[in-house]
Amino acid sequence: MITIKSPREIDLMREAGRIVAQAHRAVSDIIRPGVSTAAIDRSVEASIRASGASPSFKGYNGFPASACVSINEEVVHGIPSDSILLKSGDIVKVDIGARYKGYHGDSAWTYAVGKISPEAQRLLDVTERALLEGLAHARAGARLSDISHAVQKTAEAEGMHVVRDFVGHGIGRELHEAPQILNYGPAGKGPVLKAGMTLAVEPMVNLGTHEVKMRDNHWTAVTKDGSLSAHFEHTILITQDACELLTARPKEV
Ligand code: MG
Ligand code: MG
């Protein structure tokens, strides 16, 4: 069942989303060559806790950190470490969740470290655009897979491929609620969207094939062919005419 949030719940989710966006701002301030992925994680946790919230991911299914930090061919669920240092040319995905008064916000962003290749920059641009094209279809009366289809179309028009093994999700009192939101498939399928639904839409796009495999740590997924992967995610509220970005970054407000 897809929950419809009350006005009070929506206010709390707006605050959870704002706290996640603020943690991303803290991350963007410290990202540079030589910084460890554990330092990114500490900055995320400090920012979330300073806002009176708690990190949604810490301990979730046993995940050991507050943020997932995944570099280059790592797709999702990278585990922060003091021994993993960013270097110029890397792309780093930082996925952040915060729980505020019982409600979650969830947003991932891919950051460039120093100077990145034109190919990597194009991957970042296309993946962010795939998210925004998907969200352009997120409004009351649309079907869920209208979002999925727009994401896939945008990535594949540029010769890139969406990951199929991981999906977006409803969000609210639980970090992961119904429905699952695929990043591919035909339009016009699935539940009709209603005002008051809250969703986390999160395309992962690879420069190579869509295939991924699991690292030995049983957490981190990497592209099977070693190609670069990007990930962008927003938590949104479905409204009558459009959607509201609950995890909007300053330039998007
Ligand atoms: Mg996320
Ligand atoms: Mg998510």
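Atom CG of Leu237 is separated from atom OG1 of Thr239 by 6.5 Å, given to the nearest 0.5 angstrom. Summarising the geometry, atom CG belonging to Leu131 is positioned 8.5 Å from atom CD belonging to Glu233; distances are rounded to the nearest 0.5 Å. Met204 CE to Asp95 CG: the interatomic distance, rounded to the nearest 0.5 Å, is 8.5 Å. Taken from NZ in Lys153 to CD in Glu133, the straight-line distance is 8.0 Å, to the nearest 0.5 Å. Going from atom CZ of Phe166 over to atom CG of Leu182 covers 13.0 Å, rounded to the nearest 0.5 Å. The CD1 atom of Ile96 sits 11.0 Å away from the CD atom of Gln22 when rounded to the nearest 0.5 Å.
Within a 6.0 Å radius of CD in Gln180, no more than 12 heavy atoms belonging to other residues, nucleotides or ligands are found. Residue Lys58 qualifies as enclosed at atom NZ: its count of foreign heavy atoms under 6.0 Å is above 12.
A salt bridge is absent between Glu15 and Arg99: the closest approach of a Lys/Arg side-chain nitrogen to an acidic carboxylate oxygen does not fall below 4.0 angstrom. A salt bridge does not link Asp11 with Arg8: none of the charged nitrogens is closer than 4.0 Å to a carboxylate oxygen. Taking a cutoff of 4.0 Å between a charged side-chain nitrogen and a carboxylate oxygen, Glu73 and Lys224 do not qualify as a salt bridge.
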Would you check, one step at a time, whether the test salt bridge (Lys or Arg N to Asp or Glu O under 4.0 Å) holds for Asp90 with Lys87?
CA-CA 6 Å; Asp90 283 343; Lys87 56 186 193 311; 3.2 Å; yes
Apply side-chain contact (heavy atoms from CB on, under 4.5 Å) to the pair Met197 and Lys5, showing each step before the final yes or no.
CA-CA 6 Å; Met197 289 179 176; Lys5 273 70 178 185; over 6 Å; no
Let me see the working for Glu211 and Arg164 under salt bridge (Lys or Arg N to Asp or Glu O under 4.0 Å), right down to the final yes or no.
CA-CA 8 Å; Glu211 291 181 295; Arg164 305 186 174 210; over 6 Å; no
Residue pair Arg42, Asp82: steps toward the salt bridge (Lys or Arg N to Asp or Glu O under 4.0 Å) verdict:
CA-CA 10 Å; Arg42 285 191 286 270; Asp82 279 310; 3.1 Å; yes
Determine, stepwise, if the pair Phe57 / Cys68 fulfils side-chain contact (heavy atoms from CB on, under 4.5 Å).
CA-CA 8 Å; Phe57 302 165; Cys68 299; 4.0 Å; yes
Test side-chain contact (heavy atoms from CB on, under 4.5 Å) on Val222 and Glu74 and set out the steps.
CA-CA 4 Å; Val222 298; Glu74 294 175 341; 3.8 Å; yes
Assess whether side-chain contact (heavy atoms from CB on, under 4.5 Å) is satisfied between Ile91 and Ile116, documenting all intermediate values.
CA-CA 7 Å; Ile91 59 171; Ile116 63 171; 4.1 Å; yes
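Looking at Val201, Thr235, Asp106 one by one, the single match for side-chain contact (heavy atoms from CB on, under 4.5 Å) with His169 turns out to be Asp106. Looking at Leu246, Ile171, Leu135, Leu193 one by one, the single match for side-chain contact (heavy atoms from CB on, under 4.5 Å) with Leu199 turns out to be Leu193.
Minimum interatomic distance between Ser107 and His234 (heavy atoms only, all atoms of both residues): OG-ND1, 4.1 Å. Contact between Glu177 and Thr3 at its shortest, heavy atoms only, is OE1-OG1, 3.1 Å. Ile181 and Ala200 get closest at one heavy-atom pair: CD1-O, 3.7 Å. Among all heavy-atom pairs drawn from Glu174 and His104, the shortest one is C-CD2, 3.5 Å. Across every non-hydrogen atom of Ser51 and Tyr100, the tightest pair is O-CE1, 4.1 Å. Considering all non-hydrogen atoms of both residues, Thr223 and Ser229 come closest at CG2-CB, 3.9 Å.
Put simply, the side chain of Asp125 does not reach to within 4.5 Å of the side chain of Arg129, judged on heavy atoms. For the pair Pro191 and Ile2, the minimum side-chain heavy-atom distance is below 4.5 Å. For the pair Tyr103/Glu9, a side-chain contact is recorded, criterion being any heavy-atom separation below 4.5 Å from C-beta on. Contact of the Trp109 side chain with the Val94 side chain is not registered, since no non-hydrogen atoms from C-beta on lie closer than 4.5 Å. Counting heavy atoms from C-beta on, the side chains of Leu86 and Thr37 come closer than 4.5 Å.
Residue Ile19 is grouped with residue Leu245 when hydrophobic side chains (ILVMFWY) are merged at heavy-atom distances under 4.5 angstrom, including chains of intermediate members. Val35 and Ile31 fall within a single hydrophobic cluster, where Ile, Leu, Val, Met, Phe, Trp and Tyr are joined by side-chain heavy atoms under 4.5 Å apart, directly or via other members. The hydrophobic clustering, which links ILVMFWY residues whose side-chain heavy atoms are closer than 4.5 Å, places Leu124 and Met160 together. Ile79 and Tyr111 fall within a single hydrophobic cluster, where Ile, Leu, Val, Met, Phe, Trp and Tyr are joined by side-chain heavy atoms under 4.5 Å apart, directly or via other members. In terms of hydrophobic clustering, with Ile, Leu, Val, Met, Phe, Trp and Tyr side chains grouped at heavy-atom distances under 4.5 Å, Tyr60 and Ile40 are assigned to a common cluster.
In this structure, the side chain of Thr154 does not engage the main chain of Ala130 through any donor-acceptor pair within 3.5 Å. Looking at Ser47, its side chain never comes within 3.5 Å of a backbone N or O of Ser43 through a donor-acceptor pair. With hydrogens and angles ignored, the 3.5 Å screen pairs a side-chain donor or acceptor of Asp225 with a backbone N or O of Ser227. The backbone N or O of His231 lies less than 3.5 Å from a partner atom in the side chain of Thr110, making a donor-acceptor pair. With hydrogens and angles ignored, the 3.5 Å screen pairs no side-chain donor or acceptor of Ser88 with any backbone N or O of Pro33. At distances below 3.5 Å, not a single donor-acceptor pair connects side-chain atoms of Asn183 with backbone N or O atoms of Gln152. In this structure, Lys93 contributes its side chain and Asn72 its backbone to a donor-acceptor pair below 3.5 Å. The closest donor-acceptor contact from the side chain of Asp29 to the backbone of Ala26 lies at 3.5 Å or more, if one exists at all. Side-chain N or O atoms of Ser81 include one that pairs as donor or acceptor with a backbone N or O of Ser83 at under 3.5 Å. Ser145 places a side-chain N or O within donor-acceptor distance of the main-chain N or O of Gly188, the cut-off being under 3.5 Å.
For Tyr184 and His210, the ring centers sit 6.0 Å or farther from each other.
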